[in-house]
Amino acid sequence: MKLPHRRQFLHLAVGAAALPTLPRIARAQAYPARPVRIIVGYAPAGAGDISTRLMGQWLSERLGQQFIVENRPGAGTNIATEAVVRAAQDGYTLLMSSTANAINATLYEKLSYNFIRDIAPVAGIIVVPNVMVVNPSVPAKTVPEFIAYAKANPGKINLASGGIGGPSHVAGELFKMMTGTDMLLVSYRGMAPAVTDLLGGQVQVMFNSLPASIEYIKGGALRALAVASATRSEMLPDIPTMGEFVPGYEAPTWYGLGAPKNTPAEIVEKLNKEINAGLADPKLRARLADLGGTVIGGSPADFGKLIADETEKWGKVIRAANIKPE
């Protein structure tokens, strides 16, 4: 009589152990049951906004619910990030994470959140190269010539940035650190006025996103010296990478999706799977390539490692340059 009881007990135990997985599977299958918001910490029309809208459209078509992009610019993306940190942990509020989040972790001493702790990585989407551009009045035609020119004129070259602690600023500071050059930082409230003054010759050099610079470069209004990415850009194949002259230099801008911490893993995995499917789709890849970007993809852990590595890298630059927010 004992054996049947034992078999019955084991059968019930196995069944009970499987029960916790059933709600998780059901939750993943049902998701999304209503529209999903993707919060973007930038104004419309930039590479981060456009790539988010392209991916949002893909996810809408694949998952049968609207993925609505909501722009909340301000405070260097902190407003958007805090909104997602405080959102319900159910997969219905997502964040377009970016290089700015990795920078802000060190730049701001009293944030109300810890980005690595409070945002779960979902998937990297795109890396957009920045490019070092100079006003044509600058005599340097190459990076080595520019370094020599800067060292011969310490403190006399104006380096423009779109804001204290922004990607263009820290890219310039990293260049100064790695080349031993001394340039005067001129910080603007946004990239547009910085570019205007670069075109006018009031400043001589800046690091700007390739998509925002490409027409000026092709038209001869600005001279590109190098792209700040690991590989040359298909948009400017003749322009070398900075790493060809300054080994180890890399300062692109990346974007990817994150969710509030403790968002169910099966929802994160479902989103990751669909994002990777989108990044493998020829039409979507082509649209992202139009932004000058390279797709990232990979697992949530892969994106988490990128965020952690970038946070450490830019933390060192910010501390070494003693950068403080405005």
Side-chain angles (χ1 to χ4, degrees), residues 47 99 103 127-188 191-253 292-294 313-314 316-318 320-323:
T99 307
I103 294 168
V127 175
V128 178
N130 288 313
V131 59
M132 183 183 187
V133 284
V134 297
N135 183 280
S137 64
V138 174
K141 301 290 194 298
T142 66
V143 171
E145 288 179 6
F146 182 88
I147 293 171
Y149 176 66
K151 288 185 174 180
N153 296 276
K156 295 181 181 179
I157 297 173
N158 292 327
L159 168 68
S161 93
I164 295 293
S168 62
H169 179 193
V170 296
E173 293 292 350
L174 181 63
F175 178 82
K176 288 164 59 179
M177 287 170 55
M178 295 183 71
T179 59
T181 50
D182 176 22
M183 294 182 281
L184 179 65
L185 177 72
V186 181
S187 183
Y188 294 82
M191 298 302 288
V195 171
T196 297
D197 276 8
L198 181 63
L199 291 167
Q202 289 89 344
V203 292
Q204 287 74 51
V205 59
M206 75 179 293
F207 290 80
N208 196 11
S209 76
L210 181 54
S213 307
I214 188 74
E215 295 305 321
Y216 298 118
I217 294 167
K218 288 184 174 180
L222 295 176
R223 181 187 304 132
L225 299 186
V227 291
S229 51
T231 58
R232 293 194 180 200
S233 169
E234 293 182 4
M235 295 178 79
L236 290 173
D238 295 332
I239 303 300
T241 67
M242 185 67 75
E244 291 175 43
F245 310 108
V246 185
Y249 184 97
E250 195 176 339
T253 299
T294 303
K313 169 184 174 178
W314 294 121
K316 290 177 181 177
V317 173
I318 289 162
N322 196 30
I323 301 172

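Nothing fancy with the numbering, it's 1 onward along the sequence.
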Exercise for the section: Might you confirm whether atom NZ of Lys141 has over 12 heavy atoms from other residues, nucleotides or ligands at distances under 6.0 Å? Expected result: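 Result for NZ/Lys141: enclosed.
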Heavy-atom closest contact ([X] atom, [Y] atom, distance):
X      : Y      : result
Val128 : Ala47  : CG2-CB, 4.1 Å
Ala150 : Ile157 : CA-CD1, 3.5 Å
Ala228 : Tyr249 : CB-CE2, 3.7 Å
Met183 : Lys176 : O-NZ, 3.4 Å
Arg223 : Ala140 : NH1-O, 2.8 Å

Exercise for the section: Measure from the side-chain N and O atoms of Asn158 to the backbone N and O of Gln202, and report whether any donor-acceptor pair falls under 3.5 Å. Expected result: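 Yes.
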Handout entry: Donor-acceptor contact below 3.5 Å, side chain Lys151 vs main chain Asp182
Key =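 No, Lys151 side chain to Asp182 backbone: no donor-acceptor pair under 3.5 Å.
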Handout entry: Residue pairs fulfilling salt bridge (charged side-chain N to carboxylate O under 4.0 Å, His left out) with at least one residue in residues 224-251, sequence neighbours excluded
Key =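 Qualifying pairs: Arg232-Glu244.
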Exercise for the section: Sorted by first residue and then second, give each ring-ring contact (aromatic ring centres under 6.0 Å, His included) pair with at least one member in residues 197-242; sequence neighbours left out. Expected result: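 Output for this query lists Phe175-Phe207.
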Handout entry: For Tyr149, side chain to side chain donor-acceptor pair (under 3.5 Å) partners two or more places apart
Key =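 Side chain to side chain donor-acceptor pair (under 3.5 Å) check on Tyr149 returns nothing, list empty.
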Exercise for the section: Apply salt bridge (Lys or Arg N to Asp or Glu O under 4.0 Å) to Glu145 and list each qualifying residue two or more places apart in sequence or on a separate chain. Expected result: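 Checked Glu145 against salt bridge (Lys or Arg N to Asp or Glu O under 4.0 Å); zero matches.
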Give the table of side-chain donor-acceptor pairs shorter than 3.5 Å for residues 159-169, with sequence neighbours excluded, one pair per line with atom names and distance.
{"residue": "Ser161", "atom": "OG", "partner": "Gly163", "partner atom": "N", "Å": "3.3"}
{"residue": "Ser161", "atom": "OG", "partner": "Gly163", "partner atom": "O", "Å": "3.4"}
{"residue": "Ser168", "atom": "OG", "partner": "Gly162", "partner atom": "N", "Å": "2.9"}
{"residue": "His169", "atom": "ND1", "partner": "Gly165", "partner atom": "N", "Å": "2.8"}
{"residue": "His169", "atom": "NE2", "partner": "Glu173", "partner atom": "OE2", "Å": "3.1"}

Handout entry: Side chain to side chain, Met206 and Met191, heavy atoms closer than 4.5 Å
Key =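 Side chain of Met206 against side chain of Met191, heavy atoms only: contact under 4.5 Å found.
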Please table the atom pairs, donor to acceptor, closer than 3.5 Å between any side-chain atom in residues 129-138 and protein atoms at least two apart or in another chain.
{"residue": "Asn130", "atom": "OD1", "partner": "Ser209", "partner atom": "N", "Å": "3.4"}
{"residue": "Asn130", "atom": "ND2", "partner": "Ala251", "partner atom": "O", "Å": "2.8"}
{"residue": "Asn130", "atom": "ND2", "partner": "Thr253", "partner atom": "OG1", "Å": "3.2"}
{"residue": "Asn135", "atom": "OD1", "partner": "Ser137", "partner atom": "N", "Å": "2.8"}
{"residue": "Asn135", "atom": "OD1", "partner": "Ser137", "partner atom": "OG", "Å": "2.8"}
{"residue": "Asn135", "atom": "ND2", "partner": "Leu198", "partner atom": "O", "Å": "2.7"}
{"residue": "Asn135", "atom": "ND2", "partner": "Leu199", "partner atom": "O", "Å": "3.4"}

